[in-house]
Amino acid sequence: QLAGYRHYMQKEIFEQPEAVADTLEAVAGGARLTPALFGPEAEKTFAAIDRVLILGCGTSFHAGMVGRYWLEEYAGLPTTVEIASEYRYRVSVPDAKTLVVAISQSGETADTLAALRHAQGRGMTQTLAICNVPESAIVRTARLAFLTRAGPEIGVASTKAFTTQLTALALLALTLAKQRGRLPEAVEANRLDALRRLPAALGRVLQLEPQIEQWAQRFAERQHALFLGRGTHWPIALEGALKLKEISYIHAEGYPAGELKHGPLALVDREMPVVAVAPRDDLLEKLKSNLQEVRARGAELFVFAEDGSGVGGEEGVHAIVVPSHDAMLAPILHVVPLQLLAYHVALVKGTDVDKPRNLAKSVTVE
Ligand code: M6R
């Protein structure tokens, strides 16, 4: 069953090109974006909304955070993302013109299901599930569904579910952009082309594994680690930190790099390795100046850069170059090295990678 891999987590990380390709099947070949991707009633539902609320827990919540950037930038829809266990008990203001998107790999997470029902109970009936399990409670509860095609995810640490959720959210943001007249045909063709090339791009990122493995020992000796990113790569930093703490039991925090001076910089010293996600985007120069602040405090920097990012080469700054791809889709590629880093640190530490202590694959109780 492990097909030559040492753990399910490693196998599932390497299955990502195929999982993403399968998730994109409906737009393979010459197919165009259409609301029908999200169910027969989607066109009507999408026409009736003017904002989006995304609900999820853990990794699925992080996917939602990336989705928010995309929905606002491309579809022009005001979007909020909430941790399901908070939303379900919060006194919030219901709005019938909101599309409520529940994201869940299992479709059985108690808090996400309860949050979805809570929204429905308050008159928010335009609902969409992004889910990996077709017959799950969350799919049955939502009006619309988009099924990710990650296949069974056995490892407790979510990997291929995350990249397929991001793929689904990219399709959602672009479909809504198109329906709202914000995606000219030529741009749609380019975006679809970039999506279709994503599995091959993921394959190239996976080839970085031997380089990433060489960093693992450095982390395994430490008690703490800090992950930094900006924009759509802030949630990727959060996800990298979650993966590391979940399977290696090293305390890890993810931060938007611009927040450093507002507190976390006080933690930074020689003992604190700092991981940065540094694609070549509009925020790169800002991120670089944040990284200089970190370096000035003696912390060792481990940067996942992109060709031309111009990071690395100095003492104490280690860099691995992640192959370039379409800027919108960069977070889908940049999370993969962080998954591999967590995996290899856990191997060095000898933890139970697929079944980390105290955790269950599916959290069906509060
Ligand atoms: O099945 P779900 O996507 O609803 O699960 C949500 C979280 O429990 C899950 O993503 C959890 O955070 C993972 N173990 C993280 O790797």
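Counting convention: from 1, in listed order, for ligands and their atoms alike.
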**Q.** Selection from Ala84, Gly107, Cys57, Ala102 by shortest heavy-atom distance to atom 6 (C) of ligand 1
**A.** Cys57
Q.
I need the atoms of ligand 1 closer than 4.0 Å to a non-hydrogen atom of Gln105, numbered in the order shown.
A. 1 (O), 2 (P), 3 (O), 4 (O)
Q) Under 4.0 Å between a Lys/Arg side-chain N and an Asp/Glu carboxylate O for Arg270 and Glu300? A) no
Q) For atom 10 (O) of ligand 1, what is the nearest protein heavy atom, given as residue, atom name and distance? A) Thr59 N, 3.1 Å
Q: Have a look at ligand 1 and work out which part of Lys361, if any, has a heavy atom under 4.0 Å from it: side chain, backbone, both or neither.
A: neither
Q: State plainly whether the residues Arg197 and Asp326 are in salt-bridge range, i.e. N to O under 4.0 Å.
A: no
Q) Under a heavy-atom criterion of less than 4.0 Å, does Lys243 contact ligand 1? A) yes
(Q) Tell me whether Arg140 is salt-bridged to Glu135, with the criterion being a basic N under 4.0 Å from an acidic carboxylate O. (A) no
Q. Where is the nearest protein heavy atom to atom 13 (C) of ligand 1: which residue, which atom, and how far?
A. Glu246 OE2, 3.5 Å
(Q) If we count only N and O atoms by modelled type, under 3.5 Å, do the side chains of Gln214 and His344 hold a donor and an acceptor together? (A) no
Q: Can you establish whether the number of heavy atoms outside Arg6 located under 6.0 Å from its atom CZ is more than 12?
A: no
Q: Would you indicate which of Ser158, Ser60, Ala63 comes nearest to atom 3 (O) of ligand 1 when only heavy atoms are counted?
A: Ser60
Q) If you measure from the Lys or Arg side-chain nitrogens to the Asp or Glu carboxylate oxygens, is any gap between Asp50 and Lys97 under 4.0 Å? A) yes
(Q) If you take the nearest heavy atom of each of Ser106, Ala342, Ala161, Ser136, which one is closest to atom 1 (O) of ligand 1? (A) Ser106
Q.
Taking CH2 in Trp234 as the centre, count heavy atoms belonging to other residues, nucleotides or ligands within less than 6.0 Å. Is the count above 12?
A. no
**Q.** Sidechain N-carboxylate O distance under 4.0 Å for Asp352, Arg357
**A.** no
Q.
At less than 4.0 angstrom from any non-hydrogen atom of Ala157, what atoms of ligand 1 do you find?
A. 16 (O)
Q: Would you check whether Ser362 reaches within less than 4.0 Å of ligand 1, judged by its heavy atoms?
A: no
Q) Do any N/O atoms on Val156 end up under 3.5 angstrom from N/O atoms on ligand 1? A) yes
Q: Ignoring angles and geometry beyond distance, decide whether Gln165 reaches within less than 3.5 Å of ligand 1 through its nitrogen or oxygen atoms.
A: no
Q) Backbone or side chain, does any N or O of Ser104 fall under 3.5 Å from an N or O of ligand 1? A) yes
Q) Which of the listed options, Thr109, Ile103, Thr159, holds the heavy atom that is closest to atom 2 (P) of ligand 1? A) Thr109
**Q.** Lys160/Glu15 ion pair, N-O < 4.0 Å
**A.** yes
Q. Any side-chain donor paired with an acceptor under 3.5 Å for Thr125 and Gln120?
A. no
Q.
Looking only at protein heavy atoms, which one is nearest to atom 8 (O) of ligand 1, and what is the separation?
A. Val363 CG2, 4.1 Å
